Number of protein chains: 2
Amino acid sequence: MHVEHLGWSRSGALRLLDQTRLPSEEHWLEIATLPALLEAIRSLRVRGAPAIGIAAAMGLVATLRFRAPGGAGTSGDAAGPGTEDVAAARAAFLALVDETAWAIAAARPTAVNLRWAMERMRRRAQAAVGAPEAVLDALRQEAQAIWDEDRAMCGAMAEYGQALMRPGIRVVTHCNTGALATGGIGTALGIVLLAGERGLDPEVFVDETRPLWQGSRLTAWELQRAGVRFAVQPDSAAASLMAQGKVDVVLVGADRIARNGDVANKLGTLPLAIAARHHGVPFYAVAPSSSFDPACPSGASIPIEHREAGEVTAPFGVLVAPADSAAFNPAFDVTPADLVTGYVTERGIVHPPFEE
Amino acid sequence: MHVEHLGWSRSGALRLLDQTRLPSEEHWLEIATLPALLEAIRSLRVRGAPAIGIAAAMGLVATLRFRAPGGAGTSGDAAGPGTEDVAAARAAFLALVDETAWAIAAARPTAVNLRWAMERMRRRAQAAVGAPEAVLDALRQEAQAIWDEDRAMCGAMAEYGQALMRPGIRVVTHCNTGALATGGIGTALGIVLLAGERGLDPEVFVDETRPLWQGSRLTAWELQRAGVRFAVQPDSAAASLMAQGKVDVVLVGADRIARNGDVANKLGTLPLAIAARHHGVPFYAVAPSSSFDPACPSGASIPIEHREAGEVTAPFGVLVAPADSAAFNPAFDVTPADLVTGYVTERGIVHPPFEE
């Protein structure tokens with residue numbers, strides 16, 4: 001069974017496995033406030049487009065749960081507040097939901113799932129009847145539904161992706177797209193994990209994924225737990241493997257897919273796609289429909305998050321560049337659709353344009 | 001003026017700036033024994049194909065200087081040994097030169113300059129007349145000549161390379177190809193450093209160069225000292241810059257160039273060349289003639305050094321992957337000639353095949 005890295009605590013807080021401390025430590029966080037949630041998302045304690053969406057939805061509920069005063073929402077209750085009081089409390093609470101959801105949605109700009117989850121939660125709040133407590137209950141159900149649906153979508157993607165697998169297949173993957181990136185078995189890595197469970201004995205070349213080593217730290221950790229063969233490698237080693245004919249397929253995730261099929265994903269995806277095309281290796285993006293953004297015509301419209309220089313110049317606080325060196329550190333790049341062989345989604349393997 | 005990172009000590013030992021400790025520390029080594037020399041080359045305390053050749057030649061002399069007994073080599077000297085004694089001592093010394101040169105040549109397999117320098121030293125020893133001391137003197141002169149010629153070749157390459165420069169030019173470079181990699185101003189980076197000296201205000205995007213950060217540690221250090229604008233970046237960021245039209249030229253060095261023009265160079269050169277071709281950015285290899293190997297028909301014949309997993313999985317001893325993870329860690333890759341726009345050498349900008 002794959003790793004469960006998030007959940008509800010007994011008190012209703014958001015529980016998260018702190019991904020910045022893997023693989024050396026399995027440290028769990030209990031998140032009950034908005035600042036703690038924003039910090040966890042910005043610091044990549046939870047990351048991976050689908051996982052961010054789920055954590056944001058659950059975190060929204062966790063941070064609002066002590067701020068939903070005003071009774072049980074059954075206005076007929078003799079001891080309850082009057083209808084006007086309920087309406088006022090409800091309006092105030094909906095405003096709070098809005099404000100909080102916007103703050104969370106802005107925590108990271110590139111992954112569309114974050115914005116998607118927050119819009120879905122806001123719509124659900126608007127549609128819920130009754131007092132704040134009832135709205136909060138509806139939000140809790142919606143967050144759970146987002147998680148449950150993601151788990152199901154991961155399962156479906158992993159199944160459809162088996163069409164790309166064969167015994168002993170050699171896969172290059174980038175960043176982490178496994179259970180840790182989602183609410184289920186994963187996206188791109190989920191396909192490989194399922195192939196492993198089914199005895200196909202895949203071999204995975206894991207891009208270390210600079211600057212934050214999500215490949216070495218997270219993907220390798222998941223593969224080791226699952227007993228799948230792997231080797232970690234500098235991100236620039238994949239091209240050598242391809243030149244030697246040692247790569248059968250490249251599987252990556254996506255933080256946002258534009259209507260024309262352009263894929264924003266972890267920095268390093270673009271050179272991998274270019275190298276795959278150069279060597280005739282098939283290249284697939286694997287993502288649930290929540291990562292597709294029909295409002296976005298092409299990759300040029302996708303905002304790219306730029307992160308601080310220290311991630312590049314001072315790994316673990318050790319200065320590897322002269323003090324005060326500038327750094328170019330975009331968290332994501334954009335792979336043009338024409339470099340993508342296909343898109344594995346929960347509805348099958350599809351091709352652009354994506355109209356929804 | 002560029003950095004001088006090697007030289008003779010007063011006692012005739014090899015002085016080396018320990019490049020593994022830059023940029024945080026400027027620590028000098030005095031190398032007087034073969035084990036110390038081999039360790040310095042294998043551990044990359046001196047690296048860069050031309051610099052390795054020079055250090056190997058000077059180090060050969062430094063390690064042999066206390067092992068050349070048998071007089072001043074003037075057999076007419078009244079107090080000197082007889083002719084037969086001189087011949088025996090000379091033969092024994094030449095055998096020692098051979099043995100030591102072979103050991104040094106085998107320290108790293110990919111850079112041809114190392115083998116080239118050792119063959120040149122062996123030929124000079126054979127050609128030198130007289131007793132061991134005279135042979136040693138000839139070797140000392142030859143090592144100095146190798147250094148002086150490299151300095152001159154660097155100057156010539158930097159001059160020829162100015163044809164590729166223009167005001168404000170934006171350059172991507174990989175690994176370190178500056179003064180620290182050579183006996184002069186550098187190869188690829190030398191072109192940029194000279195352009196900087198001439199007021200062209202180049203801007204350099206410095207690939208950090210995993211796993212050993214020669215770009216962040218060494219190239220950024222040289223550029224900062226020279227007052228040239230730069231930003232360090234993860235190796236996988238160069239493709240994003242190219243996609244945004246922000247790169248005018250890619251300049252790299254070479255550890256060995258085959259007769260057909262295939263270039264073995266630091267891991268990461270191949271994906272950079274592929275990305276440059278994809279985006280229509282010119283890509284030049286810059287190397288002195290000592291890096292060309294006419295005995296090598298193509299890149300397929302170039303032995304590629306594979307280094308230990310820990311360089312990838314445990315930077316600075318911090319484990320970033322699960323314990324016992326396997327790693328794919330070739331030190332070099334091979335860029336096919338058809339991806340190379342041109343070769344900047346001390347004789348001008350040339351094109352294959354190279355018959356020499």
Side-chain angles (χ1 to χ4, degrees), chain A residues 23-24 174 205-211 213 215-217 220-221 223-225 229-241 243 266-272 274-275 277-279 304 309 311-313 315-316 318-330 332-334 336 339, chain B residues 23-24 174 205-211 213 215-217 220-221 223-225 229-241 243 266-272 274-275 277-279 304 309 311-313 315-316 318-330 332-334 336 339:
Chain A
S24 51
H174 192 71
F205 295 101
V206 177
D207 276 1
E208 61 176 4
T209 316
R210 279 285 290 153
W213 282 290
S216 299
R217 292 192 301 103
W221 183 75
L223 290 169
Q224 193 178 62
R225 286 172 64 117
R229 287 184 296 152
F230 71 92
V232 296
Q233 60 186 11
D235 300 321
S236 56
S240 288
L241 285 173
K266 175 58 56 192
L267 183 78
T269 303
L270 171 61
L272 198 54
I274 296 170
R277 169 59 50 90
H278 183 81
H279 293 106
I304 298 295
E311 289 183 354
V312 179
T313 60
F316 311 112
V318 178
L319 209 56
V320 292
D324 305 322
S325 292
F328 175 61
N329 185 22
F332 304 92
D333 58 24
V334 174
L339 295 175
Chain B
S24 52
H174 192 71
F205 295 100
V206 177
D207 276 2
E208 62 175 4
T209 315
R210 279 284 291 153
W213 282 290
S216 300
R217 292 192 301 104
W221 183 75
L223 290 170
Q224 193 178 64
R225 285 171 65 115
R229 287 184 296 152
F230 71 92
V232 296
Q233 61 187 9
D235 300 321
S236 57
S240 288
L241 284 173
K266 174 59 55 193
L267 183 77
T269 303
L270 170 61
L272 198 54
I274 296 170
R277 170 59 50 91
H278 184 80
H279 293 106
I304 298 296
E311 290 183 352
V312 179
T313 59
F316 311 112
V318 179
L319 209 55
V320 292
D324 306 321
S325 292
F328 176 61
N329 185 23
F332 304 93
D333 58 26
V334 175
L339 295 175

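We name chains A, B, ... by the order of the sequence lines, and we start the count at 1 in each one. From a predicted model like this one, the values you see are computed outputs, not experimental measurements.
- Phe230(A) touches chain B through backbone and side chain together, each having a heavy atom under 4.5 Å away.
- Per-residue counts of heavy-atom pairs under 4.5 Å with chain B were compared for Leu241(A), Val206(A), Thr313(A); the largest is that of Leu241(A).
- Put simply, the side chain of Ile274(A) does not reach to within 4.5 Å of the side chain of Arg277(B), judged on heavy atoms.
- The shortest side-chain heavy-atom distance between Pro336(B) and Leu270(B) falls under the 4.5 Å cut-off.
- Between His278(B) and Leu339(A) there is a side-chain heavy-atom pair separated by less than 4.5 Å.
- With a 4.5 Å cut-off on non-hydrogen atoms, Pro322(A) touches chain B through its backbone and its side chain both.
- For the pair Leu267(B)/Phe332(B), no side-chain contact is recorded, criterion being any heavy-atom separation below 4.5 Å from C-beta on.
- Looking only at heavy-atom pairs under 4.5 Å with chain A, the residue among Ser325(B), Gly268(B), Pro234(B) that has the most is Pro234(B).
- Interface check for chain B: of the options Ala309(A), Ala220(A), Pro330(A), the most heavy-atom pairs under 4.5 Å are formed by Ala220(A).
- Residues Val232(B) and Phe205(B) have side chains not in contact (no heavy-atom distance under 4.5 Å, counting atoms from C-beta outward).
- Between Asp235(A) and His174(A) the shortest side-chain heavy-atom distance falls below 4.5 Å.
- Contacts with chain A were tallied for Pro271(B), Ala238(B), Ser24(B); Pro271(B) has the most, counting heavy-atom pairs under 4.5 Å.
- For Ala243(A), the part sitting under 4.5 Å from any heavy atom of chain B is the side chain, from C-beta outward, and nothing else.
- Heavy atoms closer than 4.5 Å to chain B are found in both the backbone and the side chain of Ser240(A).
- Side-chain atoms of Asn329(A) and Gln233(B) include no donor-acceptor pair closer than 3.5 Å.
- Within the 4.5 angstrom heavy-atom criterion, only backbone atoms of Ala323(A) (N, CA, C, O) approach chain B.
- Listed options Gly215(A), Pro211(A), Ala239(A) were ranked by heavy-atom pairs under 4.5 angstrom with chain B; first place goes to Ala239(A).
- When each of Val312(A), Asp333(A), Leu319(A) is scored by its heavy-atom pairs under 4.5 Å with chain B, the top score falls to Val312(A).
- A cation-pi arrangement is absent between Arg217(A) and Trp221(A), since the terminal nitrogen or guanidinium carbon is not both under 6.0 Å from the aromatic centre and inside a 45° cone about the axis.
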